Amino acid sequence: LKLWLLGTSPRQGGMTGTELLAICRWSVTVFASRLVRVAAGDANLPLTCHACTYLFRPSRLPTPFQSAERFLPQACNCTGVVGCKFPGGGPGRLQPCPVEVEAH
């Protein structure tokens with residue numbers, strides 16, 4: 001079974017099976033947390049979400065992913081007018097925040 005994530009190719013160096021699995025696990029967790037909020041009718045949920053530009057896309061995530069994962073948002077916690085906590089636009093990679101994010 002070949003698992004090709006968006007923006008990945010078998011020739012891309014440095015991606016191991018465990019890295020790809022960690023990216024899938026993180027992406028599913030963030031996406032599922034947003035879907036739960038949508039299904040619950042959360043009034044604080046912003047209409048736009050920039051997380052989708054990073055989910056399942058190893059080329060847009062920090063490398064090596066496993067060591068940077070703890071610094072990335074672990075769930076959709078976007079609220080109000082400020083909107084999505086993920087940066088929007090730009091061709092670059094998602095950069096981890098300088099302070100470790102608390103696990104819920």
Side-chain angles (χ1 to χ4, degrees):
L1 175 68
K2 292 183 180 180
L3 176 64
W4 285 19
L5 299 175
L6 298 173
T8 332
S9 72
R11 296 184 181 125
Q12 191 174 9
M15 278 292 163
T16 63
T18 55
E19 285 280 308
L20 292 175
L21 185 60
I23 290 169
C24 284
R25 184 184 63 243
W26 175 80
S27 296
V28 165
T29 302
V30 172
F31 186 65
S33 69
R34 180 153 181 97
L35 286 180
V36 166
R37 291 181 68 190
V38 168
D42 188 346
N44 290 324
L45 191 63
L47 296 176
T48 59
C49 180
H50 302 296
C52 296
T53 59
Y54 302 103
L55 302 179
F56 302 103
R57 293 190 169 120
S59 63
R60 301 288 314 268
L61 295 170
T63 310
F65 181 77
Q66 287 179 306
S67 61
E69 182 179 9
R70 65 183 176 178
F71 297 102
L72 299 176
Q74 299 300 309
C76 175
N77 60 355
C78 307
T79 55
V81 183
V82 175
C84 187
K85 303 292 187 215
F86 286 86
R93 290 179 179 266
L94 180 64
Q95 297 297 320
C97 67
V99 179
E100 188 171 339
V101 178
E102 287 185 35
H104 296 278

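Not measured: the values here are computed from a predicted model. Values below: all heavy atoms of this structure, side chains included; hydrogens, waters and symmetry mates excluded.
- Considering all non-hydrogen atoms of both residues, P62 and A68 come closest at CB-CB, 3.7 Å.
- With a 4.5 Å cut-off on side-chain heavy atoms, C76 and V36 do not count as touching.
- Not one N or O on the side chain of E69 forms a donor-acceptor pair closer than 3.5 Å with the backbone of Q74.
- Across every non-hydrogen atom of A51 and V30, the tightest pair is CB-CG1, 4.4 Å.
- Remark: T18 pairs with T16, Q66 by the side-chain contact (heavy atoms from CB on, under 4.5 Å) rule, at least two apart or across chains.
- The heavy-atom pair separating T53 from R57 by the smallest distance is CA-NH1, 3.3 Å.
- Looking at P64, C24, P58 one by one, the single match for side-chain contact (heavy atoms from CB on, under 4.5 Å) with E19 turns out to be P64.
- Under the ring-ring contact (aromatic ring centres under 6.0 Å, His included) criterion, F65 pairs with W26, not counting sequence neighbours.
- The salt bridge (charged side-chain N to carboxylate O under 4.0 Å, His left out) search around R37 returns D42, not counting sequence neighbours.
- For the residue pair L55 and F31, the shortest heavy atom distance occurs at CD1-CB, 3.9 Å.
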